[in-house]
Structure formats: C-alpha cells, structure tokens
Enquirer: 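Here you go, one structure.
All heavy atoms count here, side chains included; hydrogens, waters and symmetry mates do not.
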Amino acid sequence: MIALAAIADLNGKWAGKLVMSDGQEYPLLYNFKVDGDKLTGTALTPEGDVDIKEGKTNGTDFSFTVSTSGIVIPHTGKFMGDSISVELDINGSKANSILKRPKQ
C-alpha cells in the first residue's frame with residue numbers, strides 16, 4: 001500500500017527542460033493522473049497538449065508514450081518524491097531530464 005500512496009503523489013503538474021546533445025533546449029510540461037497502476041494525463045508538445053498513452057506505474061517507476069510531429073516518444077521515469085527522473089527515447093537517442101513541480 002505504501003508504494004501506491006507514494007505513486008499517487010505523482011498526480012499533477014511537473015515541469016523541466018530537455019537539453020539535447022546539440023545544445024537545443026525544449027521545455028517539458030506534464031500533467032499526470034494516476035489511477036491504481038494506470039497513468040494518464042497530458043504532455044505539452046510543440047503542437048500543444050497531447051494525451052499520454054500506454055501509461056503504467058509500478059511502485060515508483062512509470063512509463064508512457066507521447067506522439068508529436070509524427071513520432072512516438074517512449075518515456076520511462078522514476079518518482080522520487082519531490083522530483084522525477086525521466087528518460088525520453090527520441091528516434092533511438094536517449095535524453096534525460098529532472099522534473100519538479102512548477103512554482104504556483
């Protein structure tokens with residue numbers, strides 16, 4: 001039960017930035033909703049907000065996909081209480097970011 005309570009804290013908005021190997025930066029903004037072991041919500045993309053698909057949670061680990069600009073981007077992450085470590089697989093290139101709750 002403790003793991004379920006912890007992952008429920010994943011609910012809400014999380015923000016960060018992705019720095020690519022070429023130095024380009026992209027803002028990351030997610031709005032997660034956890035229901036048992038199911039993860040839904042939205043992700044901000046260059047095309048606007050898109051739905052999170054195939055979202056799953058397992059303890060403090062989670063995974064989902066986001067589709068933007070014709071590509072599907074798998075995400076894997078670890079919930080660490082006050083932050084989230086997330087890895088994106090963009091056309092075979094892995095990129096990591098730390099997400100925090102945005103200041104209100």
Enquirer: Under the salt bridge (charged side-chain N to carboxylate O under 4.0 Å, His left out) rule, collect the residues that match up with K78, sequence neighbours excluded.
Expert: D61

Enquirer: Please write out which residues are connected to L29 in a hydrophobic cluster, directly or through intermediates, given that two of Ile, Leu, Val, Met, Phe, Trp, Tyr count as joined at side-chain heavy-atom separations below 4.5 angstrom.
Expert: L44

Enquirer: Identify the heavy atoms of N11 and V34 that sit nearest to each other, and give their distance.
Expert: OD1-N, 2.6 Å

Enquirer: Can you tell which of T65, T45, T68 makes a side chain to side chain contact (heavy atoms under 4.5 Å, CB included) with I73?
Expert: T68

Enquirer: According to salt bridge (charged side-chain N to carboxylate O under 4.0 Å, His left out), does anything in residues 11-34 pair up with another residue at least two apart or in another chain? List the pairs.
Expert: K17-E25

Enquirer: Which pairs would a plain distance check flag for residues 79-94, meaning a side-chain donor or acceptor within less than 3.5 Å of a matching protein atom at least two apart in sequence or in another chain?
Expert:
from: D89; atom 1: OD1; to: G92; atom 2: N; distance (Å): 3.0
from: D89; atom 1: OD2; to: K94; atom 2: NZ; distance (Å): 3.2

Enquirer: By salt bridge (charged side-chain N to carboxylate O under 4.0 Å, His left out), which residues pair with E47, not counting sequence neighbours?
Expert: none

Enquirer: Of all residues at least two apart in sequence or in a different chain, which pass the side-chain hydrogen bond (donor to acceptor under 3.5 Å, both in side chains) check with K56?
Expert: none

Enquirer: Write down the atom of F32, the atom of L10, and the distance for their closest heavy-atom approach.
Expert: CB-O, 3.6 Å

Enquirer: Describe, in one word, how the ring planes of H75 and Y30 are oriented to each other, choosing from parallel (under 30°), tilted (30 to 60°) and perpendicular (over 60°).
Expert: perpendicular

Enquirer: For D35, give me all partners under side-chain contact (heavy atoms from CB on, under 4.5 Å), at least two apart in sequence or on another chain.
Expert: none

Enquirer: List in chain and number order the residues that pass salt bridge (charged side-chain N to carboxylate O under 4.0 Å, His left out) with K53, two or more places apart in sequence or in another chain; answer none if no residue qualifies.
Expert: none

Enquirer: How close do V66 and A43 get, counting heavy atoms only, and between which atoms?
Expert: CG2-CB, 3.8 Å

